[in-house]
Amino acid sequence: MNPPAQDNRQRRHSTQTMALARRMYGNGNAWTPTQIVRYLADVKNIDVSLNTVRLWVIPGVAEDH
C-alpha cells in the first residue's frame, strides 16, 4: 500500500533550499522565480512550487500573502 499523497501546503523545505533560492534571485537581476523552480527540480531534485519561491525571494510578497 502506498502512503497518502502529501499535501503540498504542509511541506517544509530546508533553510538551505530557501537560502539557495534567495542567492539565485539576488536583487531580482539574476534568476527568475520560474528558472529557480526548474533548477531546483531538474538539478537538485527538489519540488518547490512557484508561489513558494516567490514568497521566499520577492520582497513584500510574503507580507502581502
One should read off an interatomic distance between R23 CZ and I36 CD1, to the nearest 0.5 angstrom, of 11.0 Å

Interatomic distance, OG1@T32 vs OH@Y39, rounded to 0.5 Å, equals 14.5 Å

The side chain to side chain contact (heavy atoms under 4.5 Å, CB included) partners of V57 (sequence neighbours excluded) come to A21, R22, Y25, P33, V53

| field | Heavy-atom side-chain contact between L20 and L40 under 4.5 Å | value | yes

| task | Answer yes or no: does atom CG of N27 have more than 12 heavy-atom neighbours from other residues, nucleotides or ligands under 6.0 Å? | result | no

Given the options D47, I46, D42, K44 meets side-chain contact (heavy atoms from CB on, under 4.5 Å) only with I46

